[in-house]
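Only one structure is covered here, and it is reproduced in the block below.
All values below were derived from every heavy atom in this structure, side-chain atoms included, with hydrogens, water molecules and symmetry-related copies excluded. Predicted model, so just to flag it, every value in this text is computed and none were measured.
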Amino acid sequence: MPAPGHDGVEPRLPAWPRHPSIDATRGVAMVIMALDHVRDFVHADAMAPQAAALMAASPLVFLTRWVTHVCAPTFVLLAGMAASRRVRRDGATASVAAYLALRGMLLIVVELTMVRFAFNFRFSGTDPVMLLVLWAIGLSMIALAPMIWLPSAFVGAAGLCIVLFHNTVDTVRAACLGAWAPVWMVLHEPGILTVAGQLVLVAYPALPWFGLVAVGYALGDLFDLEPRTRRRLLARTGLALVLAFFVLRWWNGYGDPVSWSTRGTAVATALAFLGATKYPPSLMFLLMTVGPALLALAWFERAALSPRHPLAVLGRTALFYYVGHFVLAHTIASCLAWWRYDSVAIAFLSGPFPSMGGSRGAFPPDFGWPLWTVYATWLGVVVLMYPACAWFEKVKRDGRWNRLTVLLLGRP
């Protein structure tokens, strides 16, 4: 608690220390993430059932999807780091634990309301509810809240055990657990639940994602070190994880429920090698994605970016960007459909796209656009979102913030 000043008024706490490297790494992930979500709305192949089955895709479509795999693990890892920095600033107190728990609950609410509306442009009980990355981060923050009084090394070790060994329970199936099946889906096995007559798709089971949050929480201690040492440790750890991925994936004995095998061509074999399982994230998937995220952190540490760098701005307004880019991608897809199919497009664009749980039969047989349209739309979304995020950050910086707003959107 700061000491009162001479006028009897307590001085304001210094601004929450930001690390431009964390913000910029998150910003890069935000930019890449938009490519995958634009593809869901625009690309012809994304309109087919089971569009996420990468092995059936062309190499270019596979790589377009594959490169975006780095995004969710980066968000989750950095969420743990951000929690660590808050605890370092304010101490392990009941108010910080409450902040983390309430922040987690609010992220889940945003997933179920704002993000769901951005997907469908309507609220309807006939549309499936999808529990995605905000849900996973939210549950993880709630679980992390009571652990802040424990040593960060203990929290990190617990998270590391989950990341390393959760694949040992891949053979446990919810269908065999009776009344406990919903609990297992929430924790580890993707699936569809029915809650009060509403279909709920659990795409991001929480257990492995919580493990990654806990690892990120422990890694947050690296930012107490002097910059050169921190860069070196981040770079070496990132390289070690990438190397571990190649070694363990080549071994093909553990770490992913789907083994790779040689295919008819070298390219197809390489794609099979890289096609680690995301739902839930296998050990191979996390090694493949967290390693590059740590290397990006190390690089941005060396680059010493200004806090005003565009990537840092995007990283500091991540939740605003996340919701906004879905709305923008859906709007552009609607405009493209109206241009091609005339006003009849409006009738079926108020509802989920096939890639998001909608009926393929409700869409024209030739619905969707080639991959170059996906990339052009993606660039348009990113370019349009940047000034919106810069404006929003200015509003955050200049406005008067109540407790709820800070919980939901972060400190200015």
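Proximity of Val323 to Val115: side-chain heavy atoms (C-beta onward) are separated by under 4.5 Å at one or more points. For the pair Val87 and Tyr217, the minimum side-chain heavy-atom distance is below 4.5 Å.
Ion pairing between a basic and an acidic side chain is recognised when a charged N comes within 4.0 Å of a carboxylate O; Arg232 and Glu301 show no such pairing. With respect to the salt-bridge test (charged N to carboxylate O, under 4.0 angstrom), the residues Asp45 and Arg39 do not qualify. Salt-bridge formation is not detected for the pair Asp256/Lys278: no Lys NZ or Arg NE/NH1/NH2 atom is positioned less than 4.0 Å from an Asp or Glu carboxylate oxygen.
The aromatic ring centres of Trp369 and Phe367 sit less than 6.0 Å apart. Between Phe119 and His330, the gap from one ring centroid to the other reaches at least 6.0 Å.
Within the 3.5 Å criterion, the main-chain N or O of Met130 finds no donor-acceptor partner in the side chain of Arg116. At distances below 3.5 Å, at least one donor-acceptor pair connects side-chain atoms of Thr317 with backbone N or O atoms of Val313.
Note that CG of Asp221 and OG of Ser152 are 3.5 Å apart. Values are rounded to the nearest 0.5 Å. Separation of atoms CE (Met30) and CE (Met33) is listed at 3.5 Å; rounding is to 0.5 Å.
For residues 132-143, no residue pair satisfies the side-chain hydrogen bond (donor to acceptor under 3.5 Å, both in side chains) rule, not counting sequence neighbours.
Relative orientation of the Tyr279 and Tyr204 rings is perpendicular, given thresholds of 30° and 60° on the angle between their planes.
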Practice task
Apply ring-ring contact (aromatic ring centres under 6.0 Å, His included) to the pair His19 and Phe223, showing each step before the final yes or no.
Solution key: CA-CA 9 Å; His19 294 276; Phe223 289 86; 4.7 Å; yes
